[in-house]
Amino acid sequence: MMNDVHLHMARLRAKFIRHRAYVEFQEQFDILLHRRRAAMAVGASFEAEGIVLTGASGSGKTTAVDQAVTKHPDLVQPRVGQEVAEIIRLQVPSPATLKTVGSTMSEALGYELVRDKSAALIWQHVRKLLHARQTLFVHFDEAQDIYLSKGAHGRNEVVNTLKSLMNNKDWPVGLILSGTPDLLDIINLDRQLQRRVRLIHLDAVSWLSHRGDVTDFVMKFAAASGLSLAVDLKDDMFSKRLIHAGGNQFGLIIDMILCGIETCLLDDGNMLTVAHFADAFRRKTACLPALNPFLAEDFLRIDVGRVCGGAMTP
C-alpha cells in the first residue's frame with residue numbers, strides 16, 4: 001500500500017501546472033530559438049539575446065525552464081559521445097567565482113580542466129567549446145550568486161563575461177538567467193545587457209487574486225487521488241492559511257498541497273482535512289502548534305520562512 005501511495009505521489013509531482021510566467025517564458029524562448037535557427041538556415045549574422053526569469057525561492061523558476069526546454073524534443077541536449085549540445089544548463093556552483101563557474105561550464109561541455117588556469121583563460125576556452133559544440137543557449141540557474149558577493153570591480157567582470165558569450169562574433173550564445181530578484185542588479189548595471197535581455201518575473205501568490213486558483217488546485221489533486229474534501233477546506237480561511245503556509249510562492253504552495261494529500265493517503269484516509277495539512281507542515285518544520293499556520297489563530301504573524309524546530313529562527 002505504501003509503495004502505491006509513493007508511486008501515485010510521484011505521478012502527481014510529475015504533473016506541471018501552467019502559469020502566466022511560464023507561458024510568457026515559453027513564448028519568449030520559442031521566439032529566440034526560432035530566430036536563431038532561421039538565421040543559421042539562411043547564413044545570416046545573428047545578435048544573441050537572453051531571458052531573465054526572476055522570482056523568490058520556491059516560486060517555480062527552475063521547473064518553468066525545465067518544462068519550456070522539454071517542449072522542444074528536437075533541441076539537442078548534451079550526451080556522451082555526441083558532438084552537438086544546443087543547450088547547456090547548470091546551477092551556479094558554490095562558492096561562485098568566475099573561475100568556478102567557468103570550470104563548471106567546461107565540464108558541462110564535456111571538458112574537465114586538469115590544471116589550474118586563470119579565469120580569463122578558462123572563459124576563452126569555454127567560448128571555443130560553445131562554438132565547437134554548436135551551443136545556442138546557456139542556462140545559469142541561481143545566477144545572482146555569481147554577482148552578489150563581488151565588489152564593484154568584480155561585478156563589472158561578471159557582466160563583461162556574460163556579454164562576451166552573447167557578443168562572440170564567431171559564435172554568439174543566448175543566455176537564460178534564472179534567480180532571485182537580486183539578479184536584476186546585474187542587468188541594471190549595463191545598458192547593453194538591458195537591451196539584449198527580456199525580463200520575466202514570477203509574482204508572489206496573493207489570496208485576493210489567486211484564491212480561486214489555489215482552491216481549484218486542491219480540488220483537482222484531491223479528486224485525482226480519490227479523496228473527498230472536508231467542508232472547511234472549501235472556505236476562504238483555509239485558502240488563506242494554505243497560501244501563507246506556502247510563503248505566497250507558487251511552487252511551495254503546490255508542494256504543500258501534495259504533502260497534505262500524501263499525509264492523508266499514508267494514514268489510509270479517504271477525506272482530506274485541515275489536520276492532514278497541519279501534520280504535513282509539522283513534519284516539514286518540526287514546529288509547535290502555535291507556529292503552525294494551519295492551527296494558529298493569528299497565523300498571519302508567523303514568518304513561515306523562519307519557522308524551524310518549534311521556534312522562530314533569528
Side-chain angles (χ1 to χ4, degrees), residues 9-25 53-68 91 141-145 178-183 200-222 224-225 233 236-266 272-288 291-296 299-313:
M9 294 309 303
R11 294 186 186 101
L12 286 188
R13 289 191 169 95
K15 293 180 181 293
F16 178 72
I17 300 174
R18 293 166 61 91
H19 49 79
R20 179 204 57 80
Y22 163 73
V23 172
E24 189 174 345
F25 179 85
L53 179 62
T54 62
S57 178
S59 58
K61 303 178 295 294
T62 304
T63 304
V65 177
D66 287 343
Q67 289 294 318
Q91 182 164 347
D141 195 18
E142 302 300 339
Q144 76 281 346
D145 290 345
S178 57
T180 66
D182 294 320
L183 182 53
I200 302 170
H201 182 65
L202 266 160
D203 296 320
V205 175
S206 73
W207 180 79
L208 286 175
S209 58
H210 297 93
R211 63 182 182 272
D213 293 333
V214 171
T215 301
D216 190 50
F217 295 153
V218 174
M219 293 175 65
K220 287 182 176 178
F221 279 125
S225 304
L233 293 193
D236 288 344
M237 184 56 68
F238 173 72
S239 59
K240 286 182 180 179
R241 291 178 182 274
L242 175 58
I243 290 171
H244 189 72
N248 296 84
Q249 298 304 320
F250 182 81
L252 295 179
I253 292 168
I254 296 300
D255 182 63
M256 195 71 252
I257 294 170
L258 295 176
C259 286
I261 289 172
E262 183 177 50
T263 300
C264 180
L265 293 175
L266 289 174
L272 187 62
T273 69
V274 174
H276 293 122
F277 287 91
D279 195 31
F281 190 87
R282 178 191 60 79
R283 292 179 183 180
K284 287 172 70 73
T285 64
C287 70
L288 295 171
L291 294 176
N292 191 316
F294 293 103
L295 299 175
F299 65 92
L300 289 176
R301 74 173 178 84
I302 300 170
D303 184 349
V304 295
R306 299 172 61 199
V307 172
C308 183
M312 302 284 273
T313 58

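Residue numbers start at 1 and run along the sequence shown. This is a predicted model, so every value here is computed, not measured.
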I want to check something: taking the side chain as every heavy atom from C-beta on, are L12 and M9 in contact at a cut-off of under 4.5 Å? yes

Does the side chain of L53 reach to within under 4.5 Å of the side chain of V65, using non-hydrogen atoms? yes

Are any of the side-chain nitrogens in E262 or R13 under 4.0 Å away from the carboxylate oxygens of its partner? yes

R20/D203 ion pair, N-O < 4.0 Å: yes

State the [atom1]-[atom2] distance between [X] and [Y], to the nearest 0.5 angstrom.
X: H210; Y: I253; atom1: NE2; atom2: CD1; result: 8.5 Å
X: L300; Y: R241; atom1: CG; atom2: CZ; result: 8.5 Å
X: K15; Y: L258; atom1: NZ; atom2: CG; result: 11.0 Å
X: I261; Y: S225; atom1: CD1; atom2: OG; result: 4.5 Å

Would you call the rings of H244 and F299 parallel, tilted or perpendicular if under 30° counts as parallel and over 60° as perpendicular? perpendicular

R18 vs F16, test: side chain to side chain contact (heavy atoms under 4.5 Å, CB included). Steps then yes/no. CA-CA 6 Å; R18 293 166 61 91; F16 178 72; 4.2 Å; yes

Does the pair H276 and D279 meet the rule for a side chain to side chain contact (heavy atoms under 4.5 Å, CB included), with working shown? CA-CA 5 Å; H276 293 122; D279 195 31; 5.8 Å; no

Looking only at heavy atoms, what is the nearest atom pair of [X] and [Y], with distance?
X: L252; Y: S57; result: CD1-O, 3.9 Å
X: W207; Y: I243; result: CA-CD1, 3.7 Å
X: A280; Y: M256; result: CB-CE, 3.7 Å
X: P181; Y: A56; result: CD-N, 4.3 Å
X: H19; Y: L202; result: CE1-CD2, 3.3 Å
X: V304; Y: P293; result: CG1-CG, 4.2 Å

Look only at the side chain of [X] and the backbone of [Y], and say whether a donor-acceptor pair between them is shorter than 3.5 Å.
X: T63; Y: G60; result: no
X: H201; Y: T54; result: yes
X: R211; Y: S206; result: no
X: D182; Y: Q144; result: no
X: K61; Y: S178; result: no

Given F277, which partner from the list L233, T263, N292 fulfils the side-chain contact (heavy atoms from CB on, under 4.5 Å) test? L233

Scan T215, V214, V274 and name whichever one has a side-chain contact (heavy atoms from CB on, under 4.5 Å) with L242. V214

Go through the steps for I257 and K220 under the test side chain to side chain contact (heavy atoms under 4.5 Å, CB included), then give the verdict. CA-CA 11 Å; I257 294 170; K220 287 182 176 178; over 6 Å; no

Side chain to side chain contact (heavy atoms under 4.5 Å, CB included) for F250 and F217? Distances and angles first, verdict last. CA-CA 11 Å; F250 182 81; F217 295 153; 3.8 Å; yes

